[in-house]
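Beneath this line is the structure, given in structure tokens, with notes to follow.
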Amino acid sequence: MFKIGNVEIKGQIALAPMAGVSNPSYIKICEDMGASYAITELISAEAIIRHNKKTLDMLNGYEIINIPVALQLFGSNPNTMVKAAKYISENYNFKIIDVNMGCPVPKVAVRSEAGSALLKNPKKIGEIISKMVKEVNIPITAKIRSGWDHNSINAVEVAKILEEAGAKAITIHGRTRADGYTGHVDLDIIKKVKESVSIPVFGNGDVKSYEDFKHMLDYTKCDGVMIGRGCLGNPWLIKECFLGKKIEVSSKDRIEMIKKHFDYLLKIKPERVALLEIRTHAAWYLKGIPGSKEMKLDIFKTKTKEEFLDVLNRFEG
């Protein structure tokens with residue numbers, strides 16, 4: 001157990017923010033599996049202060065989750081980030097606000113000069129975080145990469161600036177923005193970041209098994225490990241890390257998990273929206289199962305809850 005500011009984190013397994021994935025239903029699944037902390041998908045600070053309805057709707061439904069959840073903001077204007085963070089802290093029950101400084105997607109990193117583009121401007125990073133810390137009453141954290149590219153690896157410099165500015169934790173993905181999600185994660189840069197600051201550090205990248213999880217913890221000495229893409233269709237990975245052993249997952253287990261995930265979605269979203277969202281997750285859950293190709297085609301044709309469950313029950317039977 002450790003603390004992010006005044007927030008207790010009761011374990012070392014965290015769920016990384018993933019666009020279009022890390023919403024209340026998915027976080028709830030991962031909480032059930034043993035995750036002790038999670039970050040939402042990235043949310044635009046500009047959209048928050050404009051009270052964009054679609055964006056504000058993304059902030060609802062988190063009352064079903066019991067573990068601490070950080071809302072992840074992206075933006076590059078310090079004043080906008082402060083306004084958005086204050087609005088969130090005063091109107092919602094998120095325990096922490098995390099600033100995205102790692103997203104490699106062009107529309108975020110290039111067009112908005114946010115996400116990983118901030119790594120090119122450490123001075124601005126310090127300005128954004130210090131202003132947010134002074135004016136927002138919940139802990140501020142940041143998620144970074146090792147650098148913009150391999151000619152500008154500056155994660156240690158940025159980590160020190162973040163700590164000095166008042167950030168209460170750092171997540172470091174051990175790739176550059178130029179790497180995207182290719183190549184291998186650099187555990188050495190995660191280790192160096194951990195050694196350079198006294199606030200909690202989460203390691204992130206390439207965790208696809210309990211062995212990967214354990215190796216990252218042991219090698220880098222980071223406080224926790226944030227798991228992202230390895231959980232897509234496989235939340236059992238979190239349970240394996242929690243238990244410290246491999247779990248055999250049957251086709252029946254996967255069908256039951258789809259039903260459970262769908263049920264969580266229905267608790268917080270209209271049936272039509274829940275059906276659209278569960279399709280992608282169902283495809284991930286079913287990957288590699290014999291006969292899943294035909295089942296996926298049937299799932300994508302369903303228009304009601306009853307039709308969807310009927311497809312699952314036929315396959316299960």
Side-chain angles (χ1 to χ4, degrees), residues 1-18 21-22 26-42 65-72 94-102 129 138-146 155-156 158-160 162-163 167-175 185-232 234-245:
M1 188 180 75
F2 57 96
K3 285 188 173 185
I4 297 176
N6 60 350
V7 180
E8 281 190 353
I9 308 298
K10 298 178 179 178
Q12 295 180 295
I13 309 165
L15 181 68
M18 292 178 282
V21 174
S22 302
Y26 191 72
I27 292 174
K28 184 62 179 173
I29 291 285
C30 294
E31 177 191 359
D32 292 346
M33 288 291 173
S36 50
Y37 174 54
I39 303 181
T40 70
E41 61 184 310
L42 73 174
I65 298 163
N66 299 307
I67 58 173
V69 176
L71 182 130
Q72 188 176 75
F94 294 101
K95 304 298 183 188
I96 295 163
I97 290 177
D98 185 73
V99 179
N100 183 300
M101 299 182 181
I129 296 299
I138 59 176
I140 305 297
T141 64
K143 189 170 190 290
I144 67 173
R145 282 183 171 240
S146 57
V156 170
V158 168
K160 289 177 178 177
L162 287 167
E163 181 176 36
K168 296 296 187 276
I170 298 167
T171 299
I172 162 75
H173 183 131
R175 286 185 173 89
V185 70
D186 181 358
L187 293 183
D188 288 314
I189 195 68
I190 298 174
K191 187 172 190 286
K192 287 173 184 173
V193 166
K194 173 58 188 169
E195 291 168 352
S196 72
V197 295
S198 58
I199 56 178
V201 172
F202 290 90
N204 176 224
D206 283 357
V207 175
K208 299 171 184 172
S209 67
Y210 167 69
E211 289 75 20
D212 294 337
F213 169 79
K214 185 76 164 53
H215 180 55
M216 183 178 282
L217 278 178
D218 291 347
Y219 185 79
T220 69
K221 302 295 189 282
C222 56
D223 300 275
V225 171
M226 201 164 275
I227 306 173
R229 291 173 300 142
C231 289
L232 295 178
N234 185 27
W236 295 276
L237 172 59
I238 288 177
K239 193 168 187 179
E240 288 180 354
C241 294
F242 184 78
L243 297 174
K245 64 180 182 180

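Note that this is a predicted model, so its numbers are computed, not measured.
Of the inter-residue distances, the one linking I4 atom CD1 with I138 atom CD1 reads 11.5 Å to the nearest 0.5 angstrom. For the atom pair CD1 of I129 and CD1 of I140, the computed distance is 7.0 Å after rounding to the nearest 0.5 Å. Taking CZ of R175 as the start and CD1 of I190 as the end, the distance is 9.5 Å to the nearest 0.5 Å. Separating the OG1 atom in T141 from the CD1 atom in I96 is a distance of 6.0 Å, to the nearest 0.5 Å. The distance from the CG atom of L71 to the CG atom of L42 is 9.5 Å, given to the nearest 0.5 Å. The distance from atom NE2 of H173 to atom NZ of K143, rounded to the nearest 0.5 Å, is 6.5 Å.
Of all heavy-atom pairs spanning M216 and C222, the tightest one is O-SG, 4.1 Å. Heavy atoms only, all atoms of each residue included: I144 and A155 are closest at CD1-O, 3.9 Å. N100 and G102 get closest at one heavy-atom pair: OD1-N, 3.1 Å. Heavy atoms only, all atoms of each residue included: V185 and N204 are closest at CG2-O, 3.6 Å. The two atoms that bring S22 and I39 nearest to each other are CB-O, 3.7 Å, heavy atoms only. Of all non-hydrogen atoms in S146 and G174, the two that sit nearest each other are OG-C, 4.3 Å.
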Output side-chain donor-acceptor pairs under 3.5 Å for residues 235-243, partner residues at least two apart or in another chain, one line each.
from, atom 1, to, atom 2, distance (Å)
E240, OE2, I247, N, 3.0

Show me the donor-acceptor pairs within less than 3.5 Å that the side chains of residues 28-37 make with the rest of the protein, sequence neighbours left out.
from, atom 1, to, atom 2, distance (Å)
K28, NZ, E31, OE1, 3.4
K28, NZ, I64, O, 3.0
E31, OE1, N66, N, 3.3
E31, OE2, N66, N, 3.3
E31, OE2, N66, ND2, 3.4
D32, OD2, K260, NZ, 3.1
D32, OD2, Y264, OH, 2.6
S36, OG, G11, O, 3.3
S36, OG, I13, O, 3.1

(Q) One pair to check against side-chain contact (heavy atoms from CB on, under 4.5 Å): H215 and V207. What are the steps and the verdict? (A) CA-CA 9 Å; H215 180 55; V207 175; over 6 Å; no
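Within the 4.5 Å cutoff, the side chain of F2 has no heavy atoms near those of the I199 side chain.
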